[in-house]
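Let me begin by presenting the structure, written as structure tokens, before commenting on it.
Below, chain A is the first sequence line, B the second, and so on; all start at residue 1. Everything numeric here is computed off the predicted structure, so don't read it as measured data.
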Amino acid sequence: MEIYTFSYCFLYVQLTFMVLDGAKSTEPFSRLATPGGSPASYSLLQRPGAWWNALADGLSKKKNDGRRSWLLVSAAVLNIIGFLGVSPFSSALLLSKDVSISEGVSFSRMGLPDNFSLPLRAGRETYLRTIGHILQNASTSAWISDEYTILSFWPSEIQDAPLGPFLSASSQTWQAETLVLQTTIDCISMSLVGTEYTNDTYYIPLPGGGQVGPLPNETASITLQAEDGCSYTLALGKAYDFVSQGGASWSETSFFYSPDEGYGDLVGVYGPNTSLPDQGHVISSPECRHRELIFMTTPWSSSIMPFNFSSDLRASGSLCTPKYHMAQIRVDASMTDALSEVKFDTAEFDQKKVSIPDTVLSLGDFSNLTLNMNWAQYFAPPKGQTRPNTGGLSTILATLYDFDISAMLDASDIVSKAAMIRGRFFGEVIQYSLSAAARPPEAIKGQITETRERIVVQTETSIVLALLLFLSFCLSLFILRASGQVSRPLNLNSNPATAIGIASLVISDMRVKTTMQNHGLSSRKHLEKSLETKRYRTDGGVLEDLTQSDIELHGGSQELSGFPC
Amino acid sequence: MLIILMTLIGENTHGHTKQKRMTPGVIRVGILALLIAVLLTVASAILVLYSFARRSLLYRRAFVYETTLPLFEKSLPAVSAYSIMSTLIGVGIGMWWGVLDETFRRLQPFLSMTEKPTPLSKGAALSYRSIYWSTAAWRAASKGHWILCLVTLGTCLCPIRTLSISYSSVRLSH
């Protein structure tokens with residue numbers, strides 16, 4: 001690109017040079033054409049010189065008989081502006097730069113169904129992705145974060161929805177409006193209010209009548225209570241591992257999840273309807289209203305025979321209500337080949353959010369998935385008797401604390417960690433459910449911003465260049481006017497650059513002819529000395545000698561090489 | 001190259017009729033020989049570098065070596081030193097050729113008149129003073145002044161050559 005500007009510049013400078021050359025070569029003749037003529041040294045012996053000579057000659061009053069030759073000065077300035085100003089500035093004019101260009105394109109967007117509530121399902125991969133992210137920070141999708149899930153959008157020209165961690169290989173930003181879903185939990189804490197140990201017997205009624213028994217029933221129970229009156233009592237047989245090791249459970253308030261004793265992978269659910277008394281049961285008060293309970297406890301006792309509740313038994317729970325919100329806002333997805341980020345304005349979201357109704361998403365499905373006791377099928381808890389028992393989703397929560405129940409009881413961020421686990425799972429479930437629903441994507445309008453290489457014009461350079469060229473334009477208009485036949489007569493009949501032209505100029509006046517004949521081959525110094533007092537003038541194509549002094553005689557020939565051509 | 005050689009040959013056949021004192025310096029035989037030598041050197045340097053580049057023998061070290069300017073106490077990467085030098089050489093040759101061109105144009109009508117009697121259109125009434133470049137080349141060809149035609153063609157090619165010399169040094173460094 002610099003080659004183009006350079007060549008145009010070069011041509012322009014050459015043209016100005018031609019103008020200056022013409023002005024320089026005709027200057028002696030214009031001096032001779034004035035009524036008073038001009039001394040020999042400023043006309044006959046005048047050499048064109050270079051642009052600085054032209055500038056000096058034009059400004060000198062002495063050489064031009066008391067006036068300045070503005071034509072010569074303008075032509076010189078025109079040339080100077082050309083090669084000193086236009087040339088360097090124009091080579092710096094164009095620049096290739098990366099600019100961000102936005103254009104509106106049509107996007108495709110994943111949307112929720114209009115006329116029915118989207119059933120929320122989870123597949124094997126959903127669990128794998130959730131657990132993989134929480135445990136090993138594996139990035140699963142750019143659209144899912146700890147708290148928010150964004151329904152994905154992509155330019156319509158891309159066929160498959162980019163749901164993974166990298167949206168596109170090129171550096172771009174996508175902007176469109178889409179639905180953002182948020183899930184949070186509101187929790188209140190429950191504290192240990194009582195412990196109890198019962199030691200009695202029970203009888204099992206047989207179907208045909210009669211009964212089996214008496215069977216011993218040694219049950220330990222602890223009671224947690226929250227401020228709003230919810231009370232949760234868990235009673236377990238004293239031989240259970242949970243009693244001697246402690247653990248955690250994440251369940252609905254009517255239940256308690258724990259890996260079953262002696263059966264490894266089977267999960268035991270202790271609810272209000274468990275039949276045998278020594279298998280344990282849960283009693284929860286109506287104020288609990290079937291909320292989610294994250295419950296953890298240290299070992300209840302150190303010895304079995306006799307059973308004593310240990311003095312440093314600690315237990316607490318978080319009674320949580322999940323909250324779901326959604327809003328349709330503008331989302332920016334920016335990507336490079338290394339990283340993809342999806343962002344939006346959280347303040348705008350908070351302003352526009354509405355609670356997600358059941359008509360849009362079956363939130364009950366999601367609660368069932370979260371409070372599923374089968375999490376152990378996807379992530380095996382540690383072997384019994386090596387670590388505390390954890391049931392349900394609390395296994396995942398406990399991994400974040402390395403199964404240290406005291407640390408979990410002390411941790412202040414247990415609720416936020418639980419919210420994070422829930423949020424991630426929610427995002428994965430939404431993505432899975434939407435893919436399973438296999439709805440065609442909606443068409444919307446969005447914007448792509450890309451950085452492309454473009455040729456830009458530098459503003460300052462172009463302003464300077466425009467000013468210089470305008471100045472040159474004004475100068476050339478002046479030159480045009482000032483070099484006309486009327487304002488600058490040359491009194492020549494033929495081109496003085498040719499031999500014939502010069503000969504016709506000097507042939508008429510006798511004194512001029514004699515001078516030329518005598519001084520033909522003299523050196524320049526000689527010529528200057530002998531002609532220094534002479535004055536000449538042209539009139540009607542004839543060179544006239546205006547001086548009155550005698551002509552010195554010198555030998556010479558017809559050679560004309562001393563002339564200013 | 002061809003242009004130079006022909007110029008030299010042409011000069012030798014016509015040059016003897018000029019008085020030695022009056023011959024403009026730039027067309028004296030010695031100076032012309034020097035110009036030929038310079039042009040040949042530049043051309044061969046470019047060819048050598050080009051052949052090295054084709055065979056991938058150019059080592060980066062030769063081009064990224066930093067030279068320090070003693071006066072300014074700043075280090076200058078060799079690339080810009082090469083490009084400055086090559087641009088200077090290109091511009092120098094261009095100016096030299098320009099003077100040669102101007103001298104030839106000025107003297108051509110007299111040259112043709114000195115050789116043999118020539119009609120007015122090719123001698124006494126001819127002036128190449130204010131025609132340049134390709135116009136001059138065309139006019140010279142139409143009048144049969146072949147050497148002048150070649151010289152003015154060389155002037156046409158001068159800016160291309162300057163550009164290509166300076167750009168070739170930049171390209172070689174990449």
Check the pair B:R129, A:D21 against side-chain contact (heavy atoms from CB on, under 4.5 Å), reporting the backbone distance first and the verdict last.
-> CA-CA 9 Å; B:R129 177 73 173 81; A:D21 207 29; 3.1 Å; yes
More than 12 heavy atoms from other groups under 6.0 Å of CZ on B:R139 =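 No - once you tally the heavy atoms of other residues, nucleotides and ligands closer than 6.0 Å, there are 12 at most.
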Parallel, tilted or perpendicular: which fits the ring planes of B:W133 and A:F10, with parallel below 30° and perpendicular above 60°?
->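 Rings of B:W133 and A:F10: parallel, as their planes differ by under 30°.
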Results of side-chain contact (heavy atoms from CB on, under 4.5 Å) for B:A140 - residues two or more places apart only =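 Residues passing side-chain contact (heavy atoms from CB on, under 4.5 Å) with B:A140: B:Y128, B:H145, B:L148, B:C149.
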So, for A:T498 and B:S127, which heavy atoms are closest and what is the spacing to 0.1 Å?
->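 Between these two residues, the closest heavy atoms are CG2-CB, 3.6 Å.
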Roughly how far, to the nearest 0.5 Å, is OH of B:Y132 from CD of A:Q14?
->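 Atom-to-atom, A:Q14:CD and B:Y132:OH are 8.5 Å apart.
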